Amino acid sequence: MTKDIITSSPRRIAILGSTGSIGTQALDIISENNGRFQVSVLAAGSNAELLIKQCKLFRPRVAIIADKSRYAEVRDALSGRDIEVYSGADAMCCAVERDDVDVVLTATIGYSGLAPTVRAIKAGKDIALANKETLVVAGELIERLLKESKSKIYPVDSEHSAIYQCLVGEDMSNVTKLIITASGGPFRTLSRKEMTSVTVKDALMHPNWQMGAKITVDSSTMMNKAFEIIEARWLFGVPVEKIEAVVHPQSIIHSMVQFADGAVKAQLGIPDMHLPICYALGYGERIPSSRRVLTVADYASMTFEMPDEERFPCLTLARYALKAGGTAACTINAANEVAVSSFLHGELKYIDIFNVITSTLERADMIMNPGYDDYVAVNTQARSIASEVIQKFR
Ligand code: NDP
Ligand code: MG
């Protein structure tokens, strides 16, 4: 599964979402591993200040700011530095195809990750995949494209990195179960009734992980875990019946794999994304780390419990989406993005995020064997339905 890394020249990286939680940690790793990696492309959404700072430090060939209103600011600040500056969504798609890009770290949020990932795979680039929504929206398409391309996907998501590490040297036909661990989030012990009064501040207080706002809310609803079940299905080619989520509040075991002889392999570590990002950018090489690492004796007890799907029904939705196939998961993702954004803007109650998703699912078109254009159409339609539905819940 891993590729040879024995190269003398640095691996050239395009970071999509360089100003975010994953993007900034990836840049830390690149700084700490001088000469091993080189930054070719940095792309951000609207944080022009940080993008400019990163460009001055890492000197990429290309800088992209998706927000067109910030383009002139970035261009002017970087003039005379031999950095091409672009704006708009299509710029990321063109940049990932460049000859000076070996691997694309997809670390933008949500649906925006799909188009550049598709283009990168078609151009034969490797993918360090943080943007799980790409596989949620269009896992079937990505699986098809990978079969026709020399590109490989290296998971960044900690659970999938753990599974990937457990599978090294194993025969996939011996895998009986993928066990994805979940912290359970900040509302692990709340009743549905208690969830009716959850505020934005409450939802952004993840017990173990520091992450961007959208994924932090998804973790609290367990939609993040639902997406990770879908992500695992497409990354590892394992049917949904063999993928289980288990709550492990300490977030030390990042996931496990069970084999035909009953053995269970696990990967452990402190909750820190540096290891999985580094492992993905290194194509599975064990790059020495000077960061704090796990001392097992610090964890006298590690506990596990099955998730309560009545209180966290998103998990049921993931299994439904995989069984239904077609564009079901694309619709769920779009509705979730719209609902979470409304919640974060104080326009939707926390408890109604799930209701918006199911109401959208009932009304959106379902297309079987979808191609890229079908995902685009369903995503647009589902967003519009979700926005309408939200009005009823306000
Ligand atoms: P953040 O919100 O912290 O960062 C998102 C990044 O994407 C920012 O650089 C943002 O730019 C940029 N961005 C947003 N929209 C666009 C767009 N339309 N075009 C270009 N760039 C855009 O998110 P995270 O880093 O937390 O998450 C990124 C991805 O990684 C998500 O898919 C998430 O599920 C996944 N992931 C994250 C983990 C984590 O620990 N954070 C763990 C596992 C997976 P700007 O800053 O300018 O807005
Ligand atoms: Mg994860």
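Given the structure is predicted, the values throughout are model-derived calculations rather than measurements. Whatever order the structure lists them in is the order used to number ligands and atoms, beginning at 1.
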Participant: Take the Mg ion (ligand 2) as the vertex and measure to OE1 of Glu159 and OD1 of Asp157; round to 10°.
Facilitator: 100°
Participant: Between Met92 and ligand 1, is there a nitrogen or oxygen pair with a distance under 3.5 Å?
Facilitator: no
Participant: Do Tyr154 and Asp126 have a side chain donor and acceptor closer than 3.5 Å?
Facilitator: no
Participant: Under 3.5 Å, is there a donor on one side chain and an acceptor on the other for Asn355 and Asp352?
Facilitator: yes
Participant: What residue and heavy atom of the protein are closest to atom 43 (C) of ligand 1, and at what distance?
Facilitator: Asp157 OD1, 3.1 Å
Participant: Are Glu159 and Thr181 close enough that a side-chain donor and a side-chain acceptor fall under 3.5 Å?
Facilitator: no
Participant: Report the part of Thr19 in contact with ligand 1, treating N, CA, C, O as backbone and CB onward as side chain, heavy atoms under 4.0 Å; options are side chain, backbone, both, neither.
Facilitator: both
Participant: Does the side chain of His206 pick up a donor-acceptor pair with the side chain of Ser183 at under 3.5 Å?
Facilitator: yes
Participant: For Glu133, which part has a heavy atom under 4.0 Å from ligand 1: side chain, backbone, both, or neither?
Facilitator: side chain
Participant: Under 4.0 Å, heavy atoms only, figure out whether ligand 1 is touched by the backbone of Ala66, its side chain, both or neither.
Facilitator: side chain
Participant: With heavy atoms under 4.0 Å as the rule, classify the contact between Met211 and ligand 1 as side chain, backbone, both or neither.
Facilitator: both
Participant: Can you confirm whether the side chains of Asp28 and Ser31 place a donor and an acceptor under 3.5 Å from each other?
Facilitator: no
